[in-house]
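Below is one structure, written out as structure tokens; the observations come after it.
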Amino acid sequence: MSKPRQFSLSVLTNCKTLKSLKQIHAQVLKKGLDSDPFVAGKLLLHCSINLSDSLDYAHRLFTYTPNPDAFMYNTLIRGLGESETPQKSLSIFTHMLGYSNFPPDSFSFAFLLKGAANARCLRMGSQLHCQALVRGLDSHAFVGTTIVSMYAECGIVGFSRKMFDEMPEPNVVAWNAMLTAYFRCYDLKGAEGIFYLMPFRDLTSMNVMLAGYTKVGELELAKKLFLGMLIKDDVSWSTIIIGLAQSGSYDEALSYFRELRRLGLTPNEVSLTGVLSACAQSGALAFAITLHGFIEKSGMVWILSVNNALLDTYSKCGSLDMACLVFKRMPGKKSIVSWTSMVTGLAMQGYGEGAIKLFNEMKESGIKPDGITFIAILKACSHAGLIEQGYKIFSKMTEEYGIDPTIEHYGCVVDLYGRAGLLQKAYDFVIQMPIPPTAIIWRTLLGACSFFGDVVLAERVKERLVKADPDNSGDHVLLSNTYAVAGKQNDVVMIRESMAELKMKKIPGWSMIEVDKF
DNA sequence: ATAGGGTTAG
């Protein structure tokens with residue numbers, strides 16, 4: 001007689017794909033273990049949290065479970081709350097209220113509120129806050145802390161503070177959440193107030209302050225704080241490096257990275273992406289190559305974000321060959337970021353057709369382009385003068401992909417027509433835009449008018465520009481250039497004089513075409 | 001389970 005073979009859930013540890021999960025699920029069904037709430041719960045946890053793109057399967061698994069327990073409800077709520085559509089977690093909540101014997105507990109509310117925070121949905125958040133209040137769960141430490149964060153994510157730090165003040169004995173996590181809440185809303189004074197009030201601080205508190213200082217542009221304070229920190233972890237290091245990189249202090253970002261290395265510390269993937277971004281923005285190709293060598297040796301070549309940062313750095317530094325190499329050799333899945341960076345790289349170096357070709361390959365590979373990809377591809381078209389193509393892509397953006405164009409997308413189309421000299425078409429396009437054109441849009445168009453010397457249209461655009469941005473002054477240069485290109489020297493002189501009256505000296509780096517040259 | 005760092009455009 002053979003011993004009944006035990007089924008071990010430890011197989012889930014090595015389960016990295018939906019396919020292998022399905023195989024495990026099949027075995028579970030075969031052994032009739034699907035009615036075991038523990039086994040069913042573990043399976044659901046794995047496909048709703050650990051695996052990506054498996055939420056639909058999780059949902060089905062849940063649906064086919066006759067009487068899901070509280071853990072299963074909470075797990076699916078958690079998975080949906082972390083997804084692109086966090087509001088869907090509410091339907092599971094409703095189901096839980098109506099069809100289960102389990103009332104929602106502190107876990108349910110923590111996950112639901114996190115979903116509301118992710119969705120930045122104040123309506124959802126405040127409704128859940130009320131529900132938690134009615135059930136007496138708002139006083140639960142985890143729930144309360146999540147409510148504090150949720151209000152800040154929704155942009156109302158005053159409500160966060162109100163919630164926080166109602167907590168009888170906030171722990172360090174709650175204090176840190178309140179600190180984060182103020183910075184989330186760029187309230188430096190509020191954050192400092194909390195920081196000095198805190199009865200205890202841990203490394204996270206310090207790191208929150210570091211990140212907050214860089215976020216609100218207080219780089220000196222950030223550096224001072226960092227210097228004074230006796231204990232630093234990798235989050236501290238990556239926070240300061242990224243903070244500097246994002247504030248335009250590229251050299252300093254590189255210096256901190258060197259210091260990290262000098263101390264014999266091992267950079268992690270986050271500080272590496274940060275320092276690579278600093279290289280990309282400052283064109284520090286030599287440093288990037290050194291970093292590439294380190295990445296190869298350290299075994300971090302397998303990390304997607306590192307590869308993305310590396311490929312973007314190469315393409316921004318003009319090494320399109322190396323960018324291509326990284327892109328082609330990229331292990332496993334490429335993300336939307338990888339494709340978009342590569343498209344941008346090609347577009348920037350003038351390979352408009354190549355960019356479009358890659359854009360099509362991307363769609364074939366099953367990656368859905370987002371708004372950023374469309375900015376990249378529209379730029380590619382405008383630089384390559386592919387007007388028809390560009391406009392077709394712009395139209396498809398809404399029709400096929402359901403992406404609402406932002407002002408930047410409209411700007412790309414204006415640039416597309418403008419660069420091609422189709423000035424009237426560009427003007428008509430701006431007039432019929434469903435969102436009000438900004439000064440940037442008008443300035444783009446004015447730039448095109450000046451390039452082609454269209455005086456009549458330039459004057460019209462100029463009027464619109466003044467209306468959109470009353471205290472602008474840089475457009476005088478563009479306007480006078482228009483007259484210069486059109487060969488109307490007298491007008492140029494006139495505009496120059498009026499510019500002098502407008503204290504043109506205040507405009508940094510302004511230049512204009514010399515009248516004498518015409 | 002609640003708090004801290006991330007790459008793509010403009």
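Per chain, numbering begins at 1; letters A, B, ... match sequence-line order.
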Requested in this report: Go through the N and O atoms of the side chain of Thr239(A) and the base of dG5(B), and report whether any donor-acceptor pair is under 3.5 Å.
Outcome: no
Report summary line: When rounded to whole Å, the CG to C1' distance for the pair Asp202(A) and dT2(B) reads 13 Å
Report summary line: Rounded to whole Å, CD1 of Ile147(A) lies from P of dA3(B) at a distance of 13 Å
Report summary line: note: Leu304(A), atom CG; dT7(B), atom C1'; distance rounded to Å ~ 9 Å
Report summary line: Of the candidates dG5(B), dA3(B), dT7(B), the side chain of Thr204(A) sits closest to dA3(B)
Is there any protein nitrogen or oxygen under 3.5 Å from a nitrogen or oxygen in nucleotides 8-10 of chain B, and what are the pairs?
from   : atom 1 : to        : atom 2 : distance (Å)
dA9(B) : OP1    : Lys316(A) : NZ     : 3.0

Requested in this report: Would you state whether a donor and an acceptor, one from the side chain of Thr145(A) and one from the base of dT2(B), lie under 3.5 Å apart?
Outcome: yes
Query raised in the report: Atom NZ of Lys215(A) and atom C1' of dA3(B): how far apart are they, to the nearest Å?
Result: 14 Å
Report summary line: Here the distance between atom P of dT7(B) and atom CD1 of Ile303(A), to the nearest Å, is 15 Å
Report task. Write out all pairs satisfying ring-ring contact (aromatic ring centres under 6.0 Å, His included) with one or both partners inside residues 341-385 of chain A, taking only residues at least two apart or from two chains. Result -> Phe359(A)-Phe374(A), Phe374(A)-Tyr401(A)
Query - Polar side-chain contact Ser106(A)-dA1(B) base: donor and acceptor under 3.5 Å - result: yes
Query raised in the report: Touch check for Val270(A), heavy atoms < 4.0 angstrom, all strands: base, sugar-phosphate only, or nothing?
Result: base
Query raised in the report: Should the ring pair Tyr410(A) and Phe429(A) be called parallel, tilted or perpendicular, given that the plane angle runs from 0 to 90° and is split at 30 and 60?
Result: tilted
Requested in this report: Under 4.0 Å between any heavy atoms, over every strand shown, what does Asp233(A) touch: base, sugar-phosphate, or nothing? Just pick one.
Outcome: base
Report summary line: Picking from dG5(B), dA1(B), dA3(B), the nucleotide nearest the side-chain atoms of Phe142(A) would be dA1(B)
Query raised in the report: Which whole-number value in Å describes the distance from Glu169(A) CD to dT2(B) C1'?
Result: 17 Å
Report task. Return the stacking result for dA1(B) and Phe111(A): yes when the ring centres lie under 5.5 Å apart and the planes under 30°, no otherwise. Result -> no
Query raised in the report: Distance check: side-chain N/O of Gln246(A) vs OP1/OP2 of dT7(B), anything under 4.0 Å?
Result: yes
Query raised in the report: Out of dA3(B), dA1(B), dT7(B), which has the shortest distance to the side chain of Ile242(A)?
Result: dT7(B)
Report summary line: Sorted by chain and residue number, the side chain to side chain donor-acceptor pair (under 3.5 Å) partners of Ser382(A) (sequence neighbours excluded) come out as Asp415(A)
Query raised in the report: Excluding sequence neighbours, so at least two apart, what forms side-chain contact (heavy atoms from CB on, under 4.5 Å) with Val173(A)?
Result: Thr145(A), Asn171(A)
Query - Plane angle bin for His140(A) and Phe142(A) - parallel if under 30°, tilted between 30 and 60°, otherwise perpendicular - result: perpendicular
Query raised in the report: Which pairs pass salt bridge (charged side-chain N to carboxylate O under 4.0 Å, His left out) with one or both residues in residues 356-385 of chain A, sequence neighbours excluded?
Result: none
Anything under 3.5 Å between a donor and an acceptor, one on a side chain of residues 242-251 of chain A, the other on a protein residue two or more places apart or in another chain? List them.
from      : atom 1 : to        : atom 2 : distance (Å)
Ser247(A) : OG     : Gly243(A) : O      : 2.5
Tyr250(A) : OH     : Gln281(A) : OE1    : 3.2

Requested in this report: Send over the distance from Leu210(A) CG to dA3(B) P, rounded to a whole Å.
Outcome: 19 Å
